Amino acid sequence: MERFVRIIAPVGRLDFFLKLLMFLLICGGLNHFRDLVQNGLVEHSTFWNNFGDAAFTALPMCTLALLLIGHLNLLQKRLYLQATHDLLTGLHNRRWFMDNTHEQLGPDQTLLIIDIDRFKLVNDTFGHAVGDMCLQATARHLRSMIRKSDFCARIGGEEFAVLLNGADPHGVRKVANGISAGFKFRATDQDVIQVTASVGVAQDVLSRSQAFKLADDAVYKAKEAGRARYVIADAEHHVDMPLLPTLAI
(Lines give C-alpha, C1' and ligand atoms only; values in the text may rest on other atoms or scores of the structure.)
Protein backbone atom coordinates (compact mmCIF):
# COMPACT_ATOMS: atom_id res chain seq x y z
CA MET A 1 0.00 0.00 0.00
CA GLU A 2 2.82 2.42 0.83
CA ARG A 3 4.40 1.81 -2.58
CA PHE A 4 1.01 2.35 -4.28
CA VAL A 5 0.56 5.66 -2.46
CA ARG A 6 4.06 6.80 -3.45
CA ILE A 7 3.39 6.00 -7.11
CA ILE A 8 -0.07 7.55 -7.32
CA ALA A 9 0.56 10.62 -5.15
CA PRO A 10 0.92 13.71 -7.40
CA VAL A 11 4.17 15.65 -7.32
CA GLY A 12 3.43 19.24 -8.26
CA ARG A 13 0.53 20.76 -10.20
CA LEU A 14 1.47 19.40 -13.62
CA ASP A 15 1.71 15.85 -12.29
CA PHE A 16 -1.64 16.34 -10.53
CA PHE A 17 -3.42 17.33 -13.74
CA LEU A 18 -1.73 14.57 -15.78
CA LYS A 19 -2.77 11.92 -13.27
CA LEU A 20 -6.27 13.39 -13.06
CA LEU A 21 -6.52 13.17 -16.86
CA MET A 22 -5.27 9.58 -16.74
CA PHE A 23 -7.95 8.62 -14.20
CA LEU A 24 -10.66 10.34 -16.26
CA LEU A 25 -9.52 8.50 -19.39
CA ILE A 26 -9.69 5.21 -17.48
CA CYS A 27 -13.20 6.06 -16.30
CA GLY A 28 -14.17 7.04 -19.85
CA GLY A 29 -12.74 3.79 -21.20
CA LEU A 30 -14.67 1.72 -18.67
CA ASN A 31 -17.87 3.62 -19.46
CA HIS A 32 -17.31 3.05 -23.17
CA PHE A 33 -16.72 -0.67 -22.57
CA ARG A 34 -19.98 -0.84 -20.58
CA ASP A 35 -21.79 0.87 -23.47
CA LEU A 36 -20.36 -1.66 -25.93
CA VAL A 37 -21.49 -4.59 -23.80
CA GLN A 38 -24.99 -3.19 -23.30
CA ASN A 39 -25.72 -1.78 -26.77
CA GLY A 40 -23.43 -3.73 -29.07
CA LEU A 41 -21.06 -2.53 -31.75
CA VAL A 42 -23.78 -0.85 -33.85
CA GLU A 43 -25.78 1.21 -31.38
CA HIS A 44 -23.08 2.24 -28.94
CA SER A 45 -22.08 5.89 -28.50
CA THR A 46 -18.69 7.25 -29.47
CA PHE A 47 -15.80 7.03 -27.05
CA TRP A 48 -15.78 10.78 -26.49
CA ASN A 49 -19.48 10.86 -25.65
CA ASN A 50 -18.94 8.10 -23.12
CA PHE A 51 -15.83 9.87 -21.86
CA GLY A 52 -17.78 13.10 -21.35
CA ASP A 53 -20.54 11.30 -19.44
CA ALA A 54 -18.02 9.53 -17.21
CA ALA A 55 -15.86 12.61 -16.67
CA PHE A 56 -18.85 14.65 -15.47
CA THR A 57 -19.41 12.15 -12.65
CA ALA A 58 -15.82 11.07 -12.04
CA LEU A 59 -14.13 14.50 -12.02
CA PRO A 60 -14.98 15.50 -8.41
CA MET A 61 -14.34 11.99 -7.09
CA CYS A 62 -10.97 11.63 -8.88
CA THR A 63 -9.92 15.11 -7.76
CA LEU A 64 -10.78 14.31 -4.15
CA ALA A 65 -9.04 10.93 -4.36
CA LEU A 66 -5.81 12.49 -5.67
CA LEU A 67 -5.87 15.15 -2.99
CA LEU A 68 -6.36 12.52 -0.27
CA ILE A 69 -3.62 10.27 -1.68
CA GLY A 70 -1.24 13.25 -1.86
CA HIS A 71 -2.00 14.11 1.77
CA LEU A 72 -1.53 10.47 2.81
CA ASN A 73 1.83 10.39 1.04
CA LEU A 74 2.90 13.53 2.92
CA LEU A 75 1.87 11.95 6.23
CA GLN A 76 3.82 8.78 5.37
CA LYS A 77 6.94 10.84 4.67
CA ARG A 78 6.56 12.72 7.96
CA LEU A 79 6.08 9.51 9.92
CA TYR A 80 9.11 7.93 8.25
CA LEU A 81 11.18 11.03 9.01
CA GLN A 82 10.13 10.98 12.68
CA ALA A 83 10.77 7.23 12.93
CA THR A 84 14.23 7.29 11.37
CA HIS A 85 15.68 10.70 12.31
CA ASP A 86 16.79 12.36 15.50
CA LEU A 87 14.75 15.55 15.65
CA LEU A 88 17.31 17.46 17.74
CA THR A 89 20.39 16.93 15.57
CA GLY A 90 18.82 16.11 12.23
CA LEU A 91 20.94 12.96 11.97
CA HIS A 92 19.57 9.50 11.38
CA ASN A 93 18.77 7.52 14.51
CA ARG A 94 19.74 4.06 15.72
CA ARG A 95 16.77 2.40 14.02
CA TRP A 96 17.73 3.82 10.62
CA PHE A 97 21.37 2.90 11.16
CA MET A 98 20.52 -0.71 11.95
CA ASP A 99 18.04 -0.97 9.08
CA ASN A 100 20.49 0.41 6.52
CA THR A 101 23.67 -1.42 7.47
CA HIS A 102 24.33 -5.09 6.81
CA GLU A 103 24.66 -7.77 9.47
CA GLN A 104 28.14 -8.42 8.14
CA LEU A 105 30.51 -5.49 7.65
CA GLY A 106 32.40 -5.51 4.38
CA PRO A 107 36.21 -5.59 4.16
CA ASP A 108 36.21 -1.91 3.18
CA GLN A 109 33.89 -0.76 5.98
CA THR A 110 34.90 0.73 9.34
CA LEU A 111 32.66 1.42 12.31
CA LEU A 112 33.32 4.37 14.62
CA ILE A 113 31.52 4.87 17.91
CA ILE A 114 31.80 8.44 19.22
CA ASP A 115 31.09 9.53 22.78
CA ILE A 116 31.27 13.22 23.69
CA ASP A 117 33.74 13.83 26.52
CA ARG A 118 32.36 15.24 29.77
CA PHE A 119 28.94 15.93 28.28
CA LYS A 120 27.28 15.72 31.70
CA LEU A 121 29.56 18.52 32.89
CA VAL A 122 28.29 20.72 30.06
CA ASN A 123 24.69 20.06 31.08
CA ASP A 124 25.38 20.58 34.77
CA THR A 125 27.37 23.78 34.21
CA PHE A 126 25.36 25.52 31.50
CA GLY A 127 22.00 23.76 31.47
CA HIS A 128 20.25 21.43 29.05
CA ALA A 129 19.70 24.13 26.43
CA VAL A 130 23.45 24.46 25.97
CA GLY A 131 23.70 20.67 26.10
CA ASP A 132 21.32 20.52 23.15
CA MET A 133 23.45 23.11 21.34
CA CYS A 134 26.49 20.91 22.00
CA LEU A 135 24.76 17.88 20.45
CA GLN A 136 23.72 19.90 17.41
CA ALA A 137 27.24 21.27 16.99
CA THR A 138 28.63 17.74 17.28
CA ALA A 139 26.29 16.57 14.54
CA ARG A 140 27.52 19.36 12.27
CA HIS A 141 31.12 18.47 13.08
CA LEU A 142 30.54 14.81 12.22
CA ARG A 143 28.91 15.72 8.91
CA SER A 144 31.91 17.87 8.04
CA MET A 145 34.30 14.97 8.68
CA ILE A 146 32.65 12.30 6.52
CA ARG A 147 31.66 11.85 2.88
CA LYS A 148 28.20 11.46 1.38
CA SER A 149 28.83 7.74 0.93
CA ASP A 150 29.37 7.29 4.70
CA PHE A 151 26.65 6.78 7.31
CA CYS A 152 26.23 8.83 10.46
CA ALA A 153 23.63 8.51 13.23
CA ARG A 154 22.92 9.52 16.78
CA ILE A 155 22.42 6.20 18.54
CA GLY A 156 21.61 7.48 22.01
CA GLY A 157 22.32 10.31 24.45
CA GLU A 158 25.72 11.79 23.62
CA GLU A 159 26.73 8.74 21.57
CA PHE A 160 27.03 8.66 17.79
CA ALA A 161 27.96 6.06 15.18
CA VAL A 162 29.74 6.50 11.86
CA LEU A 163 30.19 3.84 9.19
CA LEU A 164 32.98 4.64 6.74
CA ASN A 165 32.71 3.01 3.33
CA GLY A 166 35.86 2.42 1.31
CA ALA A 167 38.23 4.42 3.53
CA ASP A 168 41.87 3.29 3.61
CA PRO A 169 43.74 3.04 6.95
CA HIS A 170 45.13 6.55 6.56
CA GLY A 171 41.66 7.90 5.83
CA VAL A 172 40.19 6.11 8.85
CA ARG A 173 42.84 7.57 11.16
CA LYS A 174 42.36 11.02 9.69
CA VAL A 175 38.59 10.93 10.29
CA ALA A 176 38.94 9.41 13.77
CA ASN A 177 41.57 11.98 14.73
CA GLY A 178 39.49 14.87 13.41
CA ILE A 179 36.41 13.71 15.29
CA SER A 180 38.26 13.13 18.56
CA ALA A 181 40.05 16.50 18.29
CA GLY A 182 36.63 18.08 18.33
CA PHE A 183 35.68 21.70 17.90
CA LYS A 184 34.79 24.85 19.79
CA PHE A 185 31.38 26.45 20.07
CA ARG A 186 30.04 29.48 21.89
CA ALA A 187 27.81 28.43 24.78
CA THR A 188 27.08 31.93 26.08
CA ASP A 189 28.25 35.46 25.33
CA GLN A 190 31.16 34.87 27.71
CA ASP A 191 31.88 31.16 27.35
CA VAL A 192 33.42 29.21 24.49
CA ILE A 193 33.57 25.45 25.04
CA GLN A 194 36.16 23.07 23.60
CA VAL A 195 34.34 19.83 22.83
CA THR A 196 36.33 16.64 22.29
CA ALA A 197 35.28 13.03 21.90
CA SER A 198 36.43 9.54 22.71
CA VAL A 199 36.27 7.38 19.59
CA GLY A 200 36.32 3.62 19.26
CA VAL A 201 37.21 2.15 15.86
CA ALA A 202 36.34 -1.37 14.67
CA GLN A 203 37.48 -2.58 11.27
CA ASP A 204 38.31 -5.71 9.27
CA VAL A 205 35.58 -8.18 8.33
CA LEU A 206 33.29 -8.40 11.35
CA SER A 207 29.66 -8.94 12.09
CA ARG A 208 27.85 -5.75 13.00
CA SER A 209 27.28 -6.88 16.59
CA GLN A 210 30.98 -7.73 16.97
CA ALA A 211 31.96 -4.37 15.52
CA PHE A 212 29.69 -2.53 17.97
CA LYS A 213 31.11 -4.52 20.90
CA LEU A 214 34.73 -3.87 19.92
CA ALA A 215 34.11 -0.20 19.17
CA ASP A 216 32.28 0.28 22.49
CA ASP A 217 35.16 -1.35 24.37
CA ALA A 218 37.59 0.89 22.49
CA VAL A 219 35.63 3.98 23.55
CA TYR A 220 36.08 3.02 27.21
CA LYS A 221 39.80 2.52 26.63
CA ALA A 222 39.99 5.97 25.04
CA LYS A 223 38.32 7.51 28.08
CA GLU A 224 40.57 5.61 30.48
CA ALA A 225 43.59 6.84 28.50
CA GLY A 226 42.60 10.47 28.99
CA ARG A 227 39.80 11.20 26.50
CA ALA A 228 40.15 13.36 23.37
CA ARG A 229 41.60 10.46 21.39
CA TYR A 230 40.67 7.38 19.43
CA VAL A 231 41.39 3.70 19.99
CA ILE A 232 41.54 1.21 17.16
CA ALA A 233 40.23 -2.17 18.26
CA ASP A 234 42.46 -4.79 16.68
CA ALA A 235 44.24 -7.90 17.86
CA GLU A 236 46.53 -5.86 20.12
CA HIS A 237 44.01 -3.12 20.94
CA HIS A 238 46.44 -0.53 19.67
CA VAL A 239 45.89 2.87 21.25
CA ASP A 240 46.69 5.96 19.23
CA MET A 241 46.94 8.95 21.59
CA PRO A 242 47.12 12.28 19.77
CA LEU A 243 48.06 15.19 22.01
CA LEU A 244 44.78 17.04 22.16
CA PRO A 245 43.29 19.47 24.68
CA THR A 246 40.64 18.14 27.02
CA LEU A 247 37.32 19.90 27.46
CA ALA A 248 37.91 23.34 28.87
CA ILE A 249 35.07 25.17 30.58
Side-chain angles (χ1 to χ4, degrees), residues 86 89 91-122 134-135 137-184 193-248:
D86 175 58
T89 63
L91 295 177
H92 293 294
N93 60 16
R94 187 184 189 94
R95 173 183 172 181
W96 182 95
F97 193 86
M98 301 303 283
D99 287 345
N100 287 272
T101 55
H102 297 293
E103 291 289 341
Q104 188 76 21
L105 269 62
D108 61 341
Q109 291 184 315
T110 302
L111 177 68
L112 280 67
I113 300 297
I114 300 103
D115 192 272
I116 300 175
D117 292 330
R118 299 186 175 90
F119 180 72
K120 185 176 184 301
L121 183 58
V122 174
C134 179
L135 292 170
T138 300
R140 291 193 295 270
H141 179 61
L142 292 178
R143 288 194 192 98
S144 71
M145 296 299 303
I146 64 175
R147 303 158 301 174
K148 291 183 179 180
S149 59
D150 301 324
F151 293 164
C152 182
R154 182 186 177 196
I155 57 175
E158 66 269 28
E159 194 173 41
F160 300 81
V162 166
L163 185 68
L164 301 179
N165 293 297
D168 57 26
H170 174 73
V172 171
R173 289 178 179 273
K174 182 178 179 181
V175 172
N177 189 63
I179 292 174
S180 60
F183 57 91
K184 293 181 181 180
I193 300 177
Q194 170 75 35
V195 180
T196 62
S198 298
V199 181
V201 182
Q203 50 192 0
D204 299 324
V205 182
L206 300 166
S207 70
R208 188 174 57 194
S209 59
Q210 288 175 321
F212 264 92
K213 176 66 167 61
L214 286 174
D216 277 333
D217 291 344
V219 168
Y220 288 114
K221 288 184 176 293
K223 290 192 176 295
E224 291 173 355
R227 299 184 177 88
R229 66 200 67 225
Y230 63 91
V231 171
I232 298 177
D234 57 18
E236 299 178 357
H237 281 283
H238 171 70
V239 179
D240 195 314
M241 299 184 182
L243 298 176
L244 299 171
T246 55
L247 178 64

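Note that these values count all heavy atoms, side chains included, but never hydrogens, waters or copies made by symmetry. Quick note: residue numbers are just sequence positions, from 1. This is a predicted model, so every value here is computed, not measured.
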Problem - Test side chain to side chain contact (heavy atoms under 4.5 Å, CB included) applied to Thr138 and Thr89, step by step - result: CA-CA 8 Å; Thr138 300; Thr89 63; over 6 Å; no

Exercise for the section: Dump the intermediate steps for side chain to side chain contact (heavy atoms under 4.5 Å, CB included) on Val231 and Val219, then the final yes or no. Expected result: CA-CA 7 Å; Val231 171; Val219 168; over 6 Å; no

Practice task
Take Leu206 and Leu214, measure what side chain to side chain contact (heavy atoms under 4.5 Å, CB included) needs, and give me the verdict at the end.
Solution key: CA-CA 10 Å; Leu206 300 166; Leu214 286 174; 3.8 Å; yes

Exercise for the section: Test Gln203 against Leu105 for side chain to side chain contact (heavy atoms under 4.5 Å, CB included), laying out the working first. Expected result: CA-CA 8 Å; Gln203 50 192 0; Leu105 269 62; over 6 Å; no

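With sequence neighbours left out, the side chain to side chain contact (heavy atoms under 4.5 Å, CB included) criterion links Lys184 to Val192, Gln194. Remark: Arg147 pairs with Asp150 by the salt bridge (Lys or Arg N to Asp or Glu O under 4.0 Å) rule, at least two apart or across chains. Take His92 and apply the side chain to side chain donor-acceptor pair (under 3.5 Å) test, not counting sequence neighbours, and it matches His85. Judged as a ring pair (Phe, Tyr, Trp, His ring centres under 6.0 Å), and not counting sequence neighbours, the contacts of Phe151 are Trp96. Residues passing the salt bridge (Lys or Arg N to Asp or Glu O under 4.0 Å) test with Arg94: none are found, sequence neighbours excluded. Every residue was checked against the side chain to side chain donor-acceptor pair (under 3.5 Å) condition with Asn93, not counting sequence neighbours, and none meets it. In this view, Lys174 satisfies the side chain to side chain donor-acceptor pair (under 3.5 Å) rule with no residue, not counting sequence neighbours. Take Gln104 and apply the side chain to side chain contact (heavy atoms under 4.5 Å, CB included) test, not counting sequence neighbours, and it matches Val205, Ser207.
The CG atom of Leu111 lies 12.0 Å from the CD atom of Gln210; values are rounded to the nearest 0.5 Å. To the nearest 0.5 Å, the span separating CD1 on Ile114 from NE2 on His141 amounts to 9.5 Å. Separation of atoms CG (Asn100) and NE2 (His102) is listed at 9.0 Å; rounding is to 0.5 Å. Expressed to the nearest 0.5 Å, how far NZ of Lys221 lies from CG of Asp216 amounts to 13.0 Å.
Asp115 and Ser198 are not linked by any side-chain donor-acceptor pair at a separation below 3.5 angstrom, with hydrogens and angles left out of the test.
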For residues 158-167, tabulate all N or O donor-acceptor pairs below 3.5 Å that involve a side-chain atom, not counting sequence neighbours.
{"from": "Asn165", "atom 1": "OD1", "to": "Gln109", "atom 2": "NE2", "distance (Å)": "2.8"}
{"from": "Asn165", "atom 1": "ND2", "to": "Ser149", "atom 2": "O", "distance (Å)": "2.6"}

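Residue pairs meeting the salt bridge (Lys or Arg N to Asp or Glu O under 4.0 Å) criterion with at least one member in residues 202-214, sequence neighbours excluded: Glu103-Arg208, Lys213-Asp217. Sorted by first and then second residue, the ring-ring contact (aromatic ring centres under 6.0 Å, His included) pairs involving residues 208-228 (not counting sequence neighbours) form an empty list.
Contact between Arg229 and Arg227 at its shortest, heavy atoms only, is NE-O, 2.6 Å. Residue Gly200 comes nearest to Ala218 through the heavy atom pair CA-CB, 3.6 Å, listed as atom of the first residue, atom of the second, then distance. In plain terms, the two heavy atoms of Ala137 and Phe183 that are nearest each other are CB-CE1, 3.4 Å. Taking both residues in full, the closest heavy atoms of Val199 and Ala176 are given as CG2-O, 4.2 Å, listed atom of the first, atom of the second, then distance.
Contact of the Phe119 side chain with the Leu135 side chain is registered, since non-hydrogen atoms from C-beta on lie closer than 4.5 Å. Side-chain contact between Val201 and Thr110 is present, with at least one heavy-atom pair separated by less than 4.5 Å. For the pair Arg118/Thr196, no side-chain contact is recorded, criterion being any heavy-atom separation below 4.5 Å from C-beta on. Annotation: side chain of Asp117 is not in contact with side chain of Val195 (no heavy-atom distance under 4.5 Å). Proximity of His170 to Arg173: side-chain heavy atoms (C-beta onward) are nowhere separated by under 4.5 Å.
Using modelled atom types, one side-chain atom of Arg154 and one backbone atom of Gly157 make a donor-acceptor pair closer than 3.5 Å.
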